[in-house]
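Take a look at the structure below.
Because the structure is a prediction, the values reported are computed rather than measured. The analysis underlying the following values was restricted to heavy atoms, covering all of them including side chains, and did not include hydrogens, waters or symmetry mates. Residue numbers start from 1 in every chain, and the chains themselves are labelled A, B, ... in the order their sequence lines are given, proteins ahead of strands.
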Amino acid sequence: MSVGCWRSSSAFVIALSLLSRVLAASEPPVTPAEPTPEELLALEKALAADAGEDQALPIPTGGDSPGAAAFLPEMAFILDVAGAWHSDEPGWTGGHDPSTVGFNFQSLELAVGAAADPYLRFDANFAFALFGVEIEEAYGTSLGIPAGFQIRAGQFLSRFGRANASHPHAWQFSAQPLAIGKFFGSEGNRGLGVELSWLAPAPWFLELVSSMQMPDGDCCMRSYGGSANGEIESIGDFVYLLGVKQFWDASVDTGVGFGLSGQFGPNPSGRETRSEIYGLDLLVRHRPRGNAERTALTFALEALFRTRQVPDDVVQDVGGFASLVWDIDPEWSIGARYEAVTGPLGDSAALDPLDPEWTSLRQRATVQGTYWPSHFSRIRLEMASDLAGFREAPVWSVVLGLELLVGAHGAHSL
Amino acid sequence: MNTLRVIGWPSVGGRWSGATRRLVGVILALGLVFGARTAAAGVRVVATLPDLGAIAREVVGDAGTVTVLSFAAEDPHYVDPRPTLLVPLSRADLLIVNGMELEVGWLPPMLVNARNPAIQPGGPGYFDASTAVARLEVPKGPVARSEGDVHAQGNPHYAYEPRSGAAVAMTLAARLARLDPANAQGYVARATVLKSALLAFATSERARFDAIPAARRTVVSYHQSLTYLEHWLGLTRLATIEPLPGIPPSPKHVAAVLSLMKGSSAVVVQEEYRPRATSERLAQLTSCQLVIIPGGAREAERYLDRLRRTTDALHAAMVE
């Protein structure tokens, strides 16, 4: 074992030790038992005697508890399949994108979650492909650390911006944003690691997020990659994220979210070469509270800037996407998304070592219409035009997708 | 070789920059200021739904504060999970939920993200009000979504009925008494007053509706949400406009409802937050009354007044 490896192992052991102390320090919540009907009756009788009250009508008593079934974790299967036509090889960057002409098996996701004990919650997302299973996420989340702190540990999607940490069933469009695929990888930005976040005691929603993850290779952290030989040799070989997330209620009907993210880590293109990605995200959601059709208009924007050291040069590029989705009523929604991702910026002579063919601006515009037969299924028709400066002609695509959810009712997040 | 500027990360930059130190200082100062500001006196109660909030306001009285996460004009199944809701949740001493999966579409991730151990399910500050009431329409066998968006633990709309409200008030008082023993007597006394008023109201309203001919005590509800109301007031449900719970009405089903309604004196009833076009058309075609009932107590409205608004509107339509 090398000295560097021993150091990182020691750091991990120390971190685990500190974590266990923090968890142990948080007192187990003392759960008062619900008052029994007898206790309530005695309480009422005493009060009635004081007040000279004679209550004739009984209060309904409590129902049965779900009992042993409550120990089962929440489980849901979500299936996404699509039929697609493309005028040429689309070259989309997402691992679950419907990139094939014909029928596409985008994903079969199994989401499992439950409280492990009073201190930790377990969550996992498994993605089944036709020929294998992938553990997209599997992590524990602390429930009992005081002062607004929270720790996640395991395999998880990093909370860079808004879109990265979401799964395909939460996407408004069938394809992963090009910028996420190019900067992070076909499966988004994820890896084994630990996250510490803090919900600040401010009058608005203010959260600070930091995480430390293993650079997980081409699928998941393609801009990073450990040291030159791809291994963790020092604490600097991990990928670190810092982020701030905020949300305000601009009015009863309108909410505004704004976040900044930065991620830092080594890349394997040379000796001690490093990568940094910075991101800005904005969400504006208008949903009139009194509208019986539950109509809502959501604007989302993310912009990313990446800078990477390569031998004798620095390669920089930017990318982003903006979308506008109108939920017309519970059954119908329409939306449009515009994306732009550049090739290497400035006068850099270096080719992008990851995408040498991506030499200039690429833009993709997508429009979609979605029909929801119920809250647990949707059918989405999309049309996209993908125009890249490094290709001769735009690629046109039409996608008709079907999504089905069975099992536990998934909750929505903003 | 061009240099790569790395900012903000101490292990790379070697030490914290002045800007980073200032940022950390500002954040810590903010924490101290707002932390001190939020350490208000009294028990901090958060209720997911307006009716639960109205009950809590009466039971808590001046011994604390009550924050409600949703609005009466908002479908409790589909509350927008804005991150700003995490602010009151993170500071709550007690969270009152309706339970029976009514908030399952928006509340569970917020509970985790609130980082408040007291209000986690099973915690001392987590109060599932449905544990206090007699549940109706609890499925006897396995449930499947082919039956619509059914709730496996029973119909969750018990807050439309005052006896359930009374049971929630008394159980809430007992829970508050344990959390805040210094004010226990006040909680129980106020809950008992509310309970007495609600039970008296339940009896008198039932008598008022019993005086209406049975044929006129018939309702067509949009959603299967009036079960407790029907049970309380002796109403008969002729049909629901949704073919199955949570499934939007189809032309074929609406035509069947129309056939059922013709020749009946049913009243079409729905909450203020549901789509109205189909109900209005049905009422128009059958010359039946359409009654829009509250989705819950309005801000600062008493729970009993909210129930009275509901029964007054129903009674007026049925005797007309």
Q. Taking Leu244(B), Val112(B), Leu85(B), Asn116(B) one by one, which has the highest count of heavy-atom pairs under 4.5 Å against chain A?
A. Val112(B)
Q. Roughly how far apart are Leu199(A) CG and Arg115(B) CZ, rounded to 0.5 Å?
A. 5.0 Å
**Q.** Asn113(B), part contacting chain A, at a heavy-atom distance under 4.5 Å
**A.** both
Q) In terms of heavy-atom pairs under 4.5 Å with chain A, which of Arg145(B), Glu271(B), Arg274(B), Gln120(B) leads? A) Arg145(B)
Q. Do you know the tightest heavy-atom contact between Pro275(B) and Glu293(A)?
A. CB-OE2, 3.7 Å
Q.
Other residues, nucleotides and ligands only: do more than 12 of their heavy atoms fall within 6.0 Å of NE2 on His286(A)?
A. yes
Q.
The criterion is side-chain hydrogen bond (donor to acceptor under 3.5 Å, both in side chains); which residues satisfy it with Arg206(B), sequence neighbours excluded?
A. Asp210(B)
Q | Phe247(A)/Leu86(B) under side chain to side chain contact (heavy atoms under 4.5 Å, CB included): CA gap, chis, key distance, verdict | A | CA-CA 10 Å; Phe247(A) 200 95; Leu86(B) 292 171; over 6 Å; no
Q. Which region of Trp248(A), side chain (C-beta onward) or backbone (N, CA, C, O), has a non-hydrogen atom less than 4.5 Å from a non-hydrogen atom of chain B, or is it both or neither?
A. backbone
Q: Could you tell me which of Pro248(B), Ala144(B), Ala152(B) has the largest number of non-hydrogen atom pairs under 4.5 Å with chain A?
A: Pro248(B)
Q: Report yes or no: is the cationic atom of Arg294(A) (NZ for Lys, CZ for Arg) under 6.0 Å from the centre of the six-membered ring of Tyr78(B), at an angle within 45° of the ring normal?
A: yes
Q: Give the member of Gly407(A), Ala147(A), Ala408(A) that has the highest number of heavy-atom pairs under 4.5 Å with chain B.
A: Gly407(A)
Q. Within the side chain of Arg289(A), is there an N or O that forms a donor-acceptor pair under 3.5 Å with the backbone of Ala72(B)?
A. no
Q: List for me each residue that meets side-chain hydrogen bond (donor to acceptor under 3.5 Å, both in side chains) alongside Asp123(A), sequence neighbours excluded, and say none if there are none.
A: Arg121(A)
Q.
Quick check on Ile247(B) against chain A: is it the side chain, the backbone, both or neither that has a heavy atom closer than 4.5 Å?
A. side chain
Q: Could you look at Val87(B) and say if it's the side chain, the backbone, both or neither that has a heavy atom under 4.5 Å from chain A?
A: side chain
Q | CG-CG distance between Asn291(A) and Asp75(B), expressed to the nearest 0.5 angstrom | A | 12.0 Å
Q) If you tally heavy-atom pairs under 4.5 Å against chain B, which of Lys245(A), Glu331(A), His375(A) wins? A) His375(A)
Q: Give, as side chain, backbone, both or neither, the part of Glu74(B) having an atom under 4.5 angstrom from any heavy atom of chain A.
A: both
Q. Who wins among Glu207(A), Gln246(A), Gln150(A), Glu74(A) for the most heavy-atom pairs under 4.5 Å with chain B?
A. Gln150(A)
Q: Look at Ala115(A), Ser374(A), Gly148(A), Gly290(A) and state which one has the largest set of heavy-atom pairs under 4.5 Å with chain B.
A: Gly148(A)
Q.
As an exercise, state the distance from CG of Leu283(A) to CZ of Arg82(B), rounded to the nearest 0.5 Å.
A. 10.5 Å
